Structure formats: C-alpha cells, structure tokens
Amino acid sequence: MKYEPQKLEAKWSAYWERQGLFKATEDPSKEKYYLLEMFPYPSGKIHMGHVRNYTIGDVVARYKRMCGKNVLHPMGWDAFGMPAENAAIENNSHPAQWTYGNIEAMKVQLRRMGFSYDWDRELATCDPEYYRWEQLIFLKMYEKGLAYKKRTHVNWCEKCQSVLANEQVENGCCWRHTDQEVTIKEMDSWFLKITDYAEEILDYCDKLPGWPERVLSMQRNWIGKSYGAIIRFLLVDSGEVIEVFTTRQDTVYGATFLCFAPEHPMVKEMVKGLPKEKEVLEFIDRTLKMDSYMRTAEFTAKEGVFTGRYCLNPVTDEKIPIFVANFVLFDYGTGAIMAVPTHDQRDFEFAKKYDLKLRVVIKPPDRDLHEDEMTEAYVDEGILVNSGPFDGQRNLGALDSIAEFLESKGSGYKTTNLRLRDWGISRQRYWGTPIPIIICDKCGTVPVPEEDLPVVLPLDLDMRPNGGSPLPFEPSFYETTCPKCRGKARRETDTMDTFVESSWYFDRYACPDYDQGPLDSERVDYWMPVDQYIGGIEHAILHLLYSRFYTRVMRDFGHLKVSEPFTNLLTQGMVCKETQECPEHGYLYPYEVKDGRCVQCQAEIITGNTVKMSKSKRNVVDPEDLIERYGADTVRMFCLFASPPEKDLEWNDQGVEGSYRFLNRVWRVVVDHIDDTTKVTAYGGKEALSDRLKALHRKTHQTIKKVTDDIENRFHFNTAISAVMELVNEISQFMNEMVEKDETAWSVVREAVETAVVLLSPVVPHIAEELWYMLGHDKSLLTIPWPVYREEALEAEKILVVLQVNGKVRNRIEVPSSYSQNEIETEALADERVQRFISGKPVKKVIVVKNKLVNVVV
RNA sequence: GCCUGGGUGGCGGAAUUGGUAGACGCAAGGGACUUAAAAUCCCUCGGAGCUAAGUCUCUGUACGAGUUCGAUUCUCGUCCCAGGCACCA
C-alpha cells in the first residue's frame with residue numbers, strides 16, 4: 001500500500017469537520033486553553049508566512065486538546081483595508097465582493113492544510129454585525145473623552161490618500177508603501193487617548209513574563225518615558241509663561257537661549273507686528289514644507305531664526321533670546337526647549353552658528369572647562385559650577401534638589417514625559433468602519449445616537465478612479481439630520497484605522513453571535529485572556545500595543561475583566577528564500593529557472609541573498625503547489641522541522657523532499673508489519689523483556705518525555721520531530737535485525753509504532769490519523785490522551801560514564817547503574833586508558849558526577 | 001549613539017541546571033539491489049597529523065582574557081551580524 005497524501009488528507013479533514021471535533025464550548029468544569037494566531041488579511045491566497053504561523057498554532061492546539069484542555073482555536077478575517085479598494089478599481093468590482101470572494105478562497109486553503117479551527121466562530125471585521133460594536137465603543141470613548149477630534153499636524157501618505165498614525169510611519173515612509181515619504185498636513189483628525197493608559201501599559205511590561213524581551217523592550221522604547229522637569233520662563237514685556245520640558249534641569253543655570261518648534265502657536269503671537277515677523281513666518285513656512293523625515297533627520301543642519309523677543313532665565317534672571325528652530329519637535333514635551341549650548345551638542349552647534357552665549361555649568365571632575373576653548377558640548381557627568389547654591393555638587397546628584405528649588409520659586413516642577421502620542425485613527429478611506437459622528441453647523445460635533453447604530457458603510461456606490469474615498473462624494477451617505485437640533489447635518493466621512501478592528505477581535509471570538517452588546521461577559525470571562533498568541537514580529541508595536549490599550553478601555557467599560565489580552569506571545573520568524581535574478585529579465589520566480597538558467601533567454605541566473613519571501617522579489621513558493629505535490633502534512637512538517645519557530649525559516653526545496661521521505665518512512669514502518677502488530681496489544685510494561693526489547697521500550701518512553709517537554713515548555717518542534725525520527729530509525733533498525741518474533745516482541749514494537757504515530761499527530765495529523773486507524777483504532781487521535789512516559793521504563797541497568805583526565809575525555813565505560821560513587825571511582829581509576837594518561841603522576845583530586853562522568857585531576 | 005537579540009561543520013540546526021560539541025535532517029562521496037534508472041537500504045562525512053591497524057594524537061563553538069577539576073553554556077573586554085529607537089531636550 002502506498003502513501004497517498006492527497007487522498008487520505010481529504011478523507012480525514014472531512015471526517016474531523018463531520019464529527020465537529022474542533023468545536024469549542026464553554027465548560028467551566030474543564031480547564032480552558034485559548035490559542036490564537038493573528039488573523040489574516042483576506043488577500044485571496046495564503047502564503048508561506050501564514051502556513052508557518054498557523055501550523056505552529058495548530059500543533060499547540062492539537063497538543064493541548066490531547067492533554068485534556070478545553071481548547072478555543074478560532075479563525076477570522078481582518079477584512080477592512082485598502083487593497084480591497086485598489087482591487088475593486090482594477091477589476092471594476094466592489095471591495096465587499098472582492099473581500100468575501102477572497103475569504104471563501106482562503107478558507108478552502110486553510111481547510112486543506114488541516115488546521116483545527118472552530119469555524120463556527122469565524123468573523124469578518126467588515127461585517128456590520130462586527131463593526132457596529134466598535135462604533136458603540138467609540139461613542140463611549142467619545143463620551144469619556146477617550147476619543148476626540150483635533151486639528152493638528154498629521155502624517156499623510158499620498159499613496160494611501162490618507163492620514164497615518166505615528167506607529168505606521170517607518171523611517172519617514174509609509175509602513176505599507178515603504179518608498180512613499182510621509183508628509184505633514186494640518187487637518188482635523190480623530191484620536192484615541194492611548195496616552196491615558198501609557199503608564200499602566202508601561203508598568204505591565206514588567207508583568208508579562210510570557211512575552212519575548214525584545215517585543216517588550218520595543219514597546220517600552222516606543223512609549224519612551226523620561227524623567228525631568230517643566231521649567232517656566234517669563235516672556236519679557238508680556239509676563240506670559242513659556243514652559244519647557246527638560247531632563248537636564250541640572251543645567252538650567254547654563255540655559256542661554258530658548259527655542260520653539262516652528263509649529264508652536266505662541267510663536268506667531270509673539271512676533272505679531274514686530275519687524276522680525278516676516279522673517280520668522282517665512283522660516284516657519286519653509287521648515288514645515290519639508291517632509292518630516294528630512295526635517296528631523298540627524299544629518300539635517302540645525303537652523304533657526306531669532307524672534308526678536310526675550311525671556312528670563314528663572315534662576316539667573318538673565319534676559320535670554322528666543323529662537324524658532326527646525327530641530328525642536330512640536331509634539332514632544334511642550335514644543336519648546338531651553339538651550340544649554342555648553343552641555344548639549346545640538347544646542348552647541350546652534351549657538352556656534354548664531355554666535356550665542358555659552359556658559360559652563362558642569363566641569364569635568366579632573367580639569368577646568370572654558371567656554372572659548374570648547375569645540376563640542378561637555379555631556380558627561382561632573383561638578384556644578386556657576387550654579388549659585390548648587391556649586392560644588394555632583395550634577396546628577398543635584399537633579400532632584402534643583403527641581404525642588406524651582407518648585408519652591410514657582411518656576412517649575414518635577415515631572416515625566418512620554419514620547420508616545422495619542423493614536424490617530426482617522427482614515428480618509430472608504431473600506432473601513434465609519435466613525436459614528438455627525439457634524440452640525442449649529443451643534444458642532446454630535447455623536448450618532450446608540451439606537452441608530454450601526455452606521456452602515458453603503459455598498460452600492462462607485463469607487464473613485466483616482467483612489468480616494470467615495471464617501472465624501474456620496475450624499476446618500478453623508479446627508480443626514482442632526483440628532484440634537486433636527487437640522488441638516490453632515491456625517492463624518494473618515495473611517496477608522498483597521499487596527500481598531502484587530503484590537504478586540506480576540507474578545508469577540510468568545511461570543512461571535514452575541515447581539516446584546518459587544519461582548520457577552522460570561523463567555524468572555526471564561527475564555528480571556530488568550531493563553532498563547534502567535535504571530536509575526538512586525539506587529540511588535542502596532543497591533544500589540546493598540547490591543548493592550550483597547551483591552552484596558554473595554555475593561556474599564558465593564559466588558560471584560562482582564563487587563564492584558566495575551567498571556568504568552570510567540571513571535572515567529574519570517575519565511576525566507578534566496579532571490580534569483582536574470583541579467584535580462586530581473587527577478588525570477590522559481591519556476592522561471594531551469595538548471596540555473598533563465599527559461600526565457602537561457603542566461604545564467606545570479607543567486608542573491610536569502611531574504612523574506614515577497615512577490616516583489618519573486619522568491620516565493622506557493623503553498624498550493626507544494627500541497628498538490630507532497631500533501632499538507634509534508635508542508636506542515638517542513639515548516640516546523642527546518643528551524644525553531646522564533647527564528648527565520650530558510651526555505652529549502654530539498655528539505656521539503658526530506659520531510660516527505662520521512663513520512664514515507666513512517667508509513668512503511670507501520671504498514672510493512674501491520675499484520676503482526678495488529679495481532680497483539682501495545683506493550684503495557686508488565687512482561688519481562690530481553691535487553692534488546694528493553695532498549696526499544698526505553699527509547700519509546702524517552703521519546704515521549706523529550707517530545708512532551710519540547711512542545712510543552714519550549715515550542716521547539718524541530719527537536720521534537722528529531723526525537724521521533726530517532727525513534728523511527730530505531731524501530732526500523734530493530735525490525736531489520738529482529739530475532740525474537742514472539743508476541744511480547746511484537747507488542748513492544750506496537751507500542752513503539754503507536755507512540756511515534758501519536759507523538760507525530762499534532763504535526764502531521766492526516767497521516768497519523770490514517771495510520772492510527774490502520775492500527776485498528778476507531779476513535780480519532782484528537783480524542784485520545786497525550787501519552788505519559790513511565791519513569792521505570794527509562795531506567796537502565798547499565799550507565800555510560802565518561803572518563804576524563806584533567807578535563808579531557810579519555811574513555812567511556814559502562815557500569816551497572818547500582819554502582820555507588822566509590823565503586824564508579826574505583827572502576828575509573830582502574831581503567832587502562834585512564835592509567836595511561838595519569839602515567840604515574842600523583843592523583844590530586846577525583847570528581848565523580850553520579851551517572852555521568854569521572855574526572856581525574858593529576 | 002542607546003536598547004534587544006544573535007555569532008557552532010559545506011548548509012538548516014542540536015547540546016534544557018557548567019559535565020561526551022556537532023543529535024536530527026539536507027547536501028556531498030562510496031557501496032548494495034536493478035538490464036538500467038528511480039525508489040530503498042548500508043557506510044563515510046569539523047579541521048590537521050600519525051599509523052600495519054585506531055579503543056590513536058592534537059586542535060576546534062567570532063576573538064582575547066578570567067572563574068572552574070571541567071566553559072558552546074558563567075564573568076569582563078573586543079569584533080561582527082540582525083532588529084528596534086534616535087536632533088526626544
């Protein structure tokens with residue numbers, strides 16, 4: 001009988017579905033386990049990244065189920081987003097049609113992979129039954145001031161035709177269009193007040209031991225809390241207060257000028273009617289026209305303009321000039337800084353350029369420092385000088401007392417500052433959740449009344465050929481009446497960032513059919529938090545930070561009890577492959593290359609670096625082709641075997657071949673002796689065994705131990721698979737040389753074979769199920785308990801002991817396991833090879849590690 | 001510059017608490033079976049050296065020190081790679 005994966009895989013996945021084996025029901029008497037993989041954007045086809053991500057998850061889900069846990073393993077669709085709009089324009093169809101069609105296609109593929117999802121809980125975020133609750137939460141947030149509209153400077157991506165959140169800008173470019181520079185626009189935008197929760201989110205970074213350190217450190221970094229002070233400077237001839245944030249209040253005596261960010265509204269006020277006004281306004285204009293990346297890049301020269309105004313340094317009472325400078329950020333701190341050219345490199349460069357005053361206030365411990373000799377700022381620790389009552393103190397030691405001194409004078413206070421900004425969620429897009437707000441000329445911004453939800457995205461409109469959102473051009477959508485005054489009003493035509501949908505979908509899986517509110521607390525409280533979340537590292541900040549925020553908002557609204565949505569996080573590596581390039585035809589798909597040559601022009605191809613699989617580099621492998629050729633089990637197995645999950649996976653066609661070979665080997669090891677093994681029951685540890693049988697029995701149980709440990713504690717499926725490979729090798733070797741052919745022998749073989757099949761079943765469920773059935777079982781592997789190793793089976797009569805002389809391995813001997821330390825030592829010292837290396841020298845010391853090694857020191 | 005990872009054969013990777021470095025697989029080479037091929041099975045496989053034969057010797061986990069009877073593993077320093085943050089006051 002041949003291994004025919006296509007046939008048996010179809011059979012078993014149909015069987016699982018029919019039996020409803022993946023259905024999860026709330027059962028308080030059982031321990032729950034919520035396993036979740038990041039849901040996909042329905043692009044229409046799964047790619048290897050999905051396959052890897054979902055295979056990892058599926059192994060854990062199946063394993064936990066066999067361990068007796070009540071497993072929730074859902075799947076759904078992150079279904080809003082721009083590609084749908086673009087595709088619709090291209091194909092002259094509708095985003096909804098395109099999206100739902102893709103969902104169907106991808107679902108077929110996921111089913112084909114044999115993933116154990118409870119499809120009854122499937123959800124698509126573009127479904128009004130989903131986003132209506134998101135709109136409701138938005139209204140509640142609006143009510144509480146957690147959602148607000150602000151006219152401000154925002155990131156604009158020309159290709160998205162939309163605003164982006166700060167998190168969605170990478171190196172000054174759009175995260176989706178990495179070649180599109182983001183520009184700054186001033187416009188009305190909706191924000192969610194993530195900063196209100198920043199402290200809590202930051203604190204909890206220390207309470208997430210199940211998260212990878214690098215993700216936590218990226219989040220801490222992004223929140224960017226720093227400790228310092230607000231210091232007040234009085235504007236001369238006005239008495240207005242200018243506040244600056246600094247972490248270096250120890251240098252306040254050296255602050256010899258002040259700089260404003262060009263966006264700062266106070267600047268225009270300050271220069272109004274002054275001779276400098278025109279020059280200042282021109283500078284502001286010029287600076288703001290630059291894209292944000294260029295303006296704030298380190299290599300951009302520091303530039304500024306004097307405003308003509310002065311303020312008073314609160315500790316020296318000195319009149320110091322006020323500048324507008326390009327390097328000062330409006331949305332960090334207060335948008336204005338005190339400049340201490342002697343102890344800050346940026347300020348130093350600025351001061352040199354505009355010939356501004358320098359005053360040293362920190363001197364190195366070992367020498368003096370003179371302003372006119374300085375070629376760069378002195379930024380190290382030192383002793384305070386020219387600092388009034390603080391002279392002679394160590395600068396870092398005086399941070400607190402200077403802050404208190406400022407506070408006592410009413411000139412400032414100690415505080416902290418965050419880098420994190422509120423989450424901008426307005427998108428000038430069509431295919432997203434409408435923001436449930438009405439704008440009335442008379443009443444202003446008015447929330448849509450709850451009973452009018454959902455504000456449904458109209459489906460019967462034409463996409464605009466230039467790619468912009470059709471909503472602002474669709475009177476049937478935007479024309480409405482004001483809920484307050486009943487007058488004519490206009491709907492908000494911005495939609496929400498799609499990251500809002502993905503910030504709570506995991507909660508909704510607990511109760512996808514609930515229609516009384518966003519969440520059914522009883523079910524959500526049973527399932528949440530997610531015990532294990534698995535997804536790509538690219539969401540380290542974006543999705544994972546937003547979700548931690550949104551969960552807390554939902555908690556404070558009483559929808560759920562947890563603060564953290566994901567107890568354990570596994571960030572799997574990328575799937576990579578080398579690129580292949582033809583000098584003539586550019587990057588080639590694997591099928592465009594034959595024997596190292598381009599199929600079109602026969603030119604020799606250039607093999608490039610191994611990089612993340614992407615269509616643009618054409619270094620992709622289509623999972624569908626592989627399934628067709630080898631079956632889903634082989635694909636699953638290779639994804640797990642090639643490397644541990646958190647590392648990048650280097651695609652290797654020969655490796656896939658190897659996995660396929662192994663499955664064939666397993667197949668033969670079972671099928672070739674099926675008549676003999678099905679005549680007996682699996683060995684249960686009772687009958688006495690010969691040494692040879694004992695060895696196989698021991699290997700069987702060692703493998704159970706190893707595989708369990710690898711999956712349970714480390715998610716190291718590669719080593720788990722290796723262990724089963726060893727067992728299978730040992731079984732086939734045993735059968736080759738099999739001398740005993742009695743019932744006991746076959747029952748030990750049967751135990752070994754069944755164990756291999758069961759241990760492999762989470763990884764390659766289809767073939768495992770088929771072999772299990774052939775071994776005479778009639779219940780699915782999904783319903784049988786995960787095997788437990790027997791301690792006594794691991795014990796051996798003889799133990800291998802390594803003999804070292806001066807730490808170098810000189811021999812290996814077998815001793816009875818009953819030997820005491822002394823007996824082992826005696827045996828070791830008597831060993832001929834050990835004696836040779838001692839060569840008569842006096843033995844200084846003998847170290848005996850029980851059951852492991854003896855080291856003789858001479 | 002700061003923060004996090006990481007550096008082991010030709011390759012992917014093992015070595016879990018400091019105790020046999022290179023499990024398992026891929027590639028390569030040799031052999032068996034076959035008319036032949038495929039498939040399968042067996043053997044070799046870090047480097048260098050020595051031998052009639054190896055139960056042989058030396059060396060080896062980026063580099064340099066250190067702790068230890070013993071270090072891929074712990075400590076310090078250096079170099080390199082990847083990712084994140086960065087004119088953040």
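The figures here come from the full heavy-atom set of this structure, side chains too, leaving out hydrogens, waters and symmetry mates. Computed from a predicted structure; not experimentally measured. Lettering of chains follows the sequences in order, A, B, ..., and the numbering in each one begins at 1.
Pairing of B/rC85, defined by two Watson-Crick or G-U wobble distances under 3.5 Å, is identified with B/rG1. For B/rA62, the paired nucleotide is B/rU78, the pair qualifying as Watson-Crick or G-U wobble because both relevant distances are below 3.5 Å. The partner of B/rC26 is B/rG10, by the rule that a Watson-Crick or G-U pair needs both atom distances under 3.5 Å. Across all strands shown, B/rC41 forms a Watson-Crick or G-U wobble pair with B/rG31, both key distances being under 3.5 Å. Pairing partner, B/rA21: none, since no Watson-Crick or wobble contact has both distances short of 3.5 Å. Judged by Watson-Crick or G-U wobble contacts below 3.5 Å, the nucleotide B/rU16 has no partner.
Under the 4.0 Å criterion applied to side-chain N and carboxylate O atoms, A/Asp344 and A/Arg248 are not assigned as salt-bridge partners. Classification of A/Lys225 and A/Glu199 as a salt-bridged pair holds, one side-chain N sitting under 4.0 Å from a carboxylate O.
In this structure, A/Arg836 reaches the sugar-phosphate backbone alone: every heavy-atom distance under 4.0 Å involves primed, P, OP1 or OP2 atoms, never a base. Note on A/Val809: only backbone sugar-phosphate atoms sit closer than 4.0 angstrom, heavy atoms only; bases stay farther off. At the heavy-atom level, A/Pro644 lies under 4.0 Å from the strands shown only through sugar-phosphate atoms. Within 4.0 Å (heavy atoms only), A/Asp648 reaches sugar-phosphate atoms of the nucleic acid but no base atom. Heavy atoms of A/Asn718 sit under 4.0 angstrom from primed sugar atoms or phosphate atoms, though from no base atom. Residue contacts shown for A/Phe348 are absent, as no nucleic acid heavy atom lies under 4.0 Å away. Residue A/Val215 is classed as having no contact, given no heavy-atom separation below 4.0 Å to the nucleic acid. Within the 4.0 angstrom heavy-atom criterion, no nucleotide atom of any strand lies near A/Gly224.
Between B/rA23 and B/rG9, the distance separating the two P atoms is 13 Å to the nearest Å. Taking the P atoms as reference points, B/rG66 lies 24 Å from B/rC80, given to the whole Å. Taking atom C1' in both B/rA14 and B/rG7, one finds a spacing of 16 Å when rounded to whole Å. Rounded to the nearest Å, the gap between the C1' atom of B/rG31 and that of B/rC81 is 42 Å. The same atom, C1', is picked in B/rG6 and in B/rA62; the two are 11 Å apart, to the nearest Å. One P atom belongs to B/rG19, the other to B/rU73, and the distance between them is 11 Å to the nearest Å. Comparing the same atom, P, in B/rA21 and in B/rG70 gives a spacing of 15 Å after rounding to whole Å. B/rG22 and B/rU57 have their P atoms separated by 16 Å, with the value rounded to a whole Å.
Along RNA chain B, the nucleotide closest to A/Phe641 and the one closest to A/Arg346 are compared, and the more 5′ of them pairs with A/Phe641. Along RNA chain B, the nucleotide closest to A/Asn736 and the one closest to A/Val856 are compared, and the more 5′ of them pairs with A/Asn736.
One can find a donor-acceptor pair under 3.5 Å joining the base of B/rC87 and the side-chain atoms of A/Lys302. Below the 3.5 angstrom threshold, one finds no donor paired with an acceptor across the side chain of A/Arg833 and the base of B/rU55. Side-chain atoms of A/Asn221 and base atoms of B/rC85 include no donor and acceptor less than 3.5 Å apart. A donor-acceptor contact under 3.5 angstrom links the side-chain atoms of A/Gln804 to the base of B/rG19. At a cut-off of 3.5 angstrom, the base of B/rU16 holds at least one donor-acceptor pair with the side chain of A/Asp709.
In this structure, of B/rG84, B/rG5, B/rG12, it is B/rG5 that holds the atom nearest to the side chain of A/Glu213. When distances are taken from the side chain of A/Arg810 to each of B/rG13, B/rU57, B/rA89, the shortest belongs to B/rU57. The side chain of A/Met218 sits closest to B/rG83 out of B/rG19, B/rU20, B/rG83. Closest to the side chain of A/Tyr332, out of B/rC69, B/rC88, B/rG83, is B/rC88. Listed nucleotides: B/rU4, B/rA89, B/rA15. Nearest to the side chain of A/Val328: B/rA89. Among the nucleotides B/rA27, B/rA89, B/rG12, the one closest to the side chain of A/Ser643 is B/rG12. For A/Leu800, the side-chain atoms get nearest to B/rU20 when compared with the rest of B/rA86, B/rU20, B/rU4. For A/Arg668, taking side-chain heavy atoms from C-beta onward, the closest of the listed nucleotides B/rG12, B/rC41, B/rU20 is B/rC41. Of the candidates B/rU57, B/rA89, B/rC26, the closest approach to any side-chain atom of A/Gln654 belongs to B/rC26. Listed nucleotides: B/rC24, B/rG13, B/rA21. Nearest to the side chain of A/Met725: B/rC24.
Side-chain N/O atoms of A/Arg661 include one lying less than 4.0 angstrom from OP1 or OP2 on B/rC26. Residue A/Arg419 has no polar side-chain atom (N or O) positioned under 4.0 Å from OP1 or OP2 of B/rC3. Side-chain N/O atoms of A/Arg665 include one lying less than 4.0 angstrom from OP1 or OP2 on B/rC41.
Rounded to an integer number of Å, the gap from A/Gln733 CD to B/rU40 P is 18 Å. Between A/Trp222 atom CH2 and B/rU4 atom C1' the separation is 17 Å, expressed in whole Å. The CE atom of A/Met637 sits 13 Å away from the C1' atom of B/rG12 (whole-angstrom rounding). Atom P of nucleotide B/rC87 and atom CE of A/Met338 are separated by 20 Å, given to the nearest angstrom. For the pair A/Ile223 CD1 and B/rC88 C1', the interatomic distance rounds to 15 Å; values are reported in whole Å. The CD atom of A/Glu657 sits 11 Å away from the C1' atom of B/rA39 (whole-angstrom rounding). In this entry the distance linking NE2 of A/His716 with P of B/rG13 reads 12 Å, nearest Å. Here the P atom of nucleotide B/rC58 and the NZ atom of A/Lys808 are 6 Å apart, to the nearest Å.
In this structure, A/Met338 CE and A/Cys311 SG are separated by 11.5 Å, a value rounded to the nearest 0.5 Å.
A tilted orientation is assigned to the rings of A/Trp667 and A/Tyr3, their planes being inclined by 30° to 60°.
Geometric assessment of A/Arg548 against the ring of A/Trp211 yields a positive cation-pi assignment under the 6.0 Å and 45° thresholds. Taking the centre and axis of the six-membered ring of A/Phe837, the NZ or CZ atom of A/Arg810 falls inside the cone set by 45° and 6.0 Å.
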- Candidate pair A/Asp422 and A/Thr195, rule side chain to side chain donor-acceptor pair (under 3.5 Å), full reasoning: CA-CA 6 Å; A/Asp422 278 338; A/Thr195 51; 2.6 Å; yes
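Glycosidic conformation, B/rG54: anti, with the torsion outside 90° of 0.
A donor-acceptor pair under 3.5 Å is absent between the side-chain atoms of A/Asp250 and the main chain of A/Leu396, judged by distance alone.
With hydrogens and angles left out, the side-chain atoms of A/Thr826 and A/Tyr819 include no donor and acceptor closer than 3.5 Å.
The distance between the ring centers of A/Phe350 and A/Phe257 falls below 6.0 angstrom.
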